[in-house]
Amino acid sequence: MGRTSNYCFDYPQTNASFTVTYVAGHITELDFPETHRKWNSCDPFTLFDAPVEVKHPQRVNELVRNIEIRARGSDMLMIWTDCDREGEYIGYEIAQVCQKVNRRIKIKRARFSAIIADQIHRAAQNPTNLDLAQADAVIARQMLDLRLGAAFTRMQCMALQNRFGNLLEGKLVSYGPCQFPTLGFVVSRYEQVKAFVPETFWYIYLALNRPGEQNGRGREDQTVFKWKRGHLFDFDVALMLYEMVLERPMATVKKVVKKNTKKWKPYPLTTVDLQKSGSRLLRMSAKQILDTADALYQRGILSYPRTETDQYDDQFDFGQYIQKQTSSPEWGAFATRLRQGEFSKPRKGKKNDKAHPPIHPTAYAGNLAGNEKKVYEYVTRRFLASCSKDAEGFQTTITVAVNGEEFSASGLLVLERNYLEVFPYDKWSSHELPPFEEGEEFMPTICELREGETTRPSLLTEADLVSLMDKNGIGTDATIAQHINTIVEREYVMERLEGNTKYLVPSTLGVGLVHGYNQIGLEKSLSKPQLRRETERSMVQVCDRIKTKDDMLQESIEQYKEVFILARREFNLIINKDQASLKVHKALKTVADEVEGMVEDEVEDQPAHPHLPTRMMIRGTDRHQLQAPDVE
DNA sequence: GCAAGGTC
């Protein structure tokens, strides 16, 4: 971070003299005391009730010392951290430091949600108090996460390494309340894919060859009509309807509906959205995208890249930022047009973290390359697109009936591309229908009973996973990418490239862990999102003072203790395979066999080791790191 | 050697 800075100035509006300094994130960390720190120092189960120490990590020593010096000579501490839960707790951490060296110091809190002069002044002149309930919620979550993570991680590692140490090569088999549900999503989709059985269906295919309106080249346009029933899985019924249609195959145009239509411009950009769009369109991982955006932020090119907000403040100065983009050879002309009157206020989404605006470019950068160029271009085009008008088109929908069965076709004429001109990531193009009139009749060119098959769902992409985590409240804008990274690093999950798309496939270890926990048969498995969602809900209750932090902690700890006891028993059964119950053993064998079939193509030159317990037939993509020993 | 959450 370099040298600590302090900015001093007078603020006549409140007759005060300010010294402004900073922290970067949390300044305290939790850990167990010496008695519980060593892995062999205690039974992991005791970690649920073990004491926990709060201390300043070494990296913040300089910052803390600086704050102490300032606090000694001040009457008041005013907290300006982000106005969210974590920000409230960071404020509390700072307050603790100050009070320790100056017992009489007054603690105040500035409330603001945007770096806009007017709002900063208002916050400075209307100080409030720290919301200790929010800080409590964070403390409780930290305690819970540490105890849970440590207890389960140690139990898993010790159990597995005792027996399979040679296989694991000292690898960490961690458990975390976010990483496990994340893994659970990958395994769950993988199993859906594996269990998929294609089903045959039938449908009536109806088409008419008729020249298009402006088609002067003599080519016949074919209009395909969609059957209103979609498709049927019962062949007899489909055949009966088809035969009925064939009896009187003349089609009558029932309705021609013409209406204006729009393709809406994108919402202001959040972190999760950037990661989803980015991994889909830019061929980068969620973590790469966030790291890149962060590097650009630190050079003053992008705004803060970790935000849940998809609405701009009413006082946001769009003109200033659009103006900066007018110098671009690629989208400068578009930016200029926005400045000249084509600007339209961005749509407002539903999310607001009250801490940061949506991600937007804060400077023009014309000399970027590689990933930085890709991310910058996406953010900038998205910003300009959100500041322009929706695309406009004209849609025609035709409904026809053939002996009582209905079919329809629709065409689109794009009239104004508007935001699409600067946002090539969205596709919307004209496909026009030849002219039809209500009441007219025609003889279809093609009328066939066709057969199709349901398609296998695809494995999870990283974009899918980010969406699932976001929807289920697993992780935050700042941590979602880290959790995905963790399960890849721990080799619970492998990345598999198919064509241009990267899919996530669980390893045998990943599947084994999830199945192991599911095997316990609890409704709320550790591999599912419910428990984490409950933690989140409890935190909100603590914030709303419906519950105390001690109650939250106690309730959650009890719940996890039960799971722990069952899980440990299960693990021991698996490990002492002589004593393993038949049921557990069979389940694990099935898992291993099924997995083997699925990842076979990745490991074909690695022979199976039938003497190994099936649960531990670990296979990674990287054989150099994770290889079964040769025991010929 | 354990977590998740900040952020550099």
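Lettering of chains follows the sequences in order, A, B, ..., and the numbering in each one begins at 1.
Nucleic acid contact for A:Arg147: none, since no nucleic acid atom lies under 4.0 Å from a heavy atom of the residue. Contact annotation for A:Tyr304: backbone-only contact, meaning every heavy-atom pair under 4.0 Å involves sugar-phosphate atoms and none involves a base. Note on A:Leu144: nothing from the nucleic acid sits closer than 4.0 angstrom, heavy atoms only. Residue contacts for A:Gly475: at a heavy-atom cut-off of 4.0 Å it reaches the sugar-phosphate backbone alone, with no base atom in range.
If you measure from atom CZ of A:Arg490 to atom P of B:dA4, you get 9 Å, rounded to the nearest angstrom. When rounded to the nearest whole Å, the span between CZ of A:Phe564 and P of B:dC2 equals 17 Å. Put simply, CG on A:Leu148 is 11 Å from C1' on B:dC2, counting in whole angstrom units. Between A:Ile480 atom CD1 and B:dG6 atom C1' the separation is 15 Å, expressed in whole Å. Straight-line distance from the CD1 atom of A:Ile139 to the C1' atom of B:dA4: 15 Å, rounded to whole Å. The CD-P distance, from A:Glu34 to B:dG1, rounds to 12 Å in whole Å. We find that CD of A:Gln179 is positioned 13 Å from C1' of B:dG1, with the value rounded to whole Å. Counting to the nearest Å, the C1' atom of B:dG6 and the CG atom of A:Asp294 are 12 Å from each other.
The listed nucleotides are B:dC8, B:dG5, B:dT7; the one nearest the side chain of A:His483 is B:dG5. Picking from B:dG5, B:dG1, B:dT7 the nucleotide with the shortest atom distance to the side chain of A:Ala24 gives B:dT7. The listed nucleotides are B:dA4, B:dC8, B:dG1; the one nearest the side chain of A:Trp39 is B:dG1. If you check B:dC2, B:dG5, B:dA4 against the side chain of A:Thr476, the one that comes closest is B:dG5.
Taking 4.0 angstrom as the limit, A:Arg532 places a side-chain polar atom (N or O) nearer than this to OP1 or OP2 of B:dG5. For the OP1/OP2 pair of B:dA4 and a distance below 4.0 Å, the side-chain nitrogens and oxygens of A:Thr479 include no atom meeting the criterion. Contact check, A:Tyr22 against B:dC8: no side-chain N or O comes under 4.0 Å of OP1 or OP2. Contact between the side-chain N/O atoms of A:Ser174 and the OP1/OP2 oxygens of B:dA3 is found at a separation under 4.0 Å. Between A:Arg306 and B:dT7 there is a side-chain N or O to OP1 or OP2 distance below 4.0 Å.
The side-chain ring of A:Tyr175 is not stacked on the base of B:dA3, judged by centre separation under 5.5 angstrom and plane angle under 30 degrees.
In terms of modelled atom types and a separation under 3.5 Å, the side chain of A:His356 and the main chain of A:Thr307 share no donor-acceptor contact.
Between A:Leu47 and A:Asp84, it is A:Leu47 whose nearest contact on DNA chain B lies nearer the 5' terminus. Comparing A:Ile90 and A:Leu172 by the nucleotide of DNA chain B whose heavy atom lies nearest to each, the residue mapping closer to the 5' end is A:Leu172.
Side-chain atoms of A:Asp291 and base atoms of B:dC8 include no donor and acceptor less than 3.5 Å apart. With hydrogens and angles left out, the side chain of A:Gln482 and the base of B:dT7 share a donor-acceptor pair within 3.5 Å.
A distance below 6.0 Å separates the ring centres of A:Phe564 and A:Phe45.
Under 4.0 Å is where a charged nitrogen must lie from a carboxylate oxygen, and between A:Arg283 and A:Glu462 no such pair does. Salt-bridge annotation for A:Arg37 and A:Glu34: present, with a side-chain N of the basic residue lying under 4.0 Å from a carboxylate O of the acidic one. With salt bridges taken as basic N to acidic carboxylate O contacts below 4.0 Å, one links A:Glu88 and A:Arg111.
Heavy-atom contacts from other residues, nucleotides or ligands closer than 6.0 Å to OH of A:Tyr92 number 12 or fewer.
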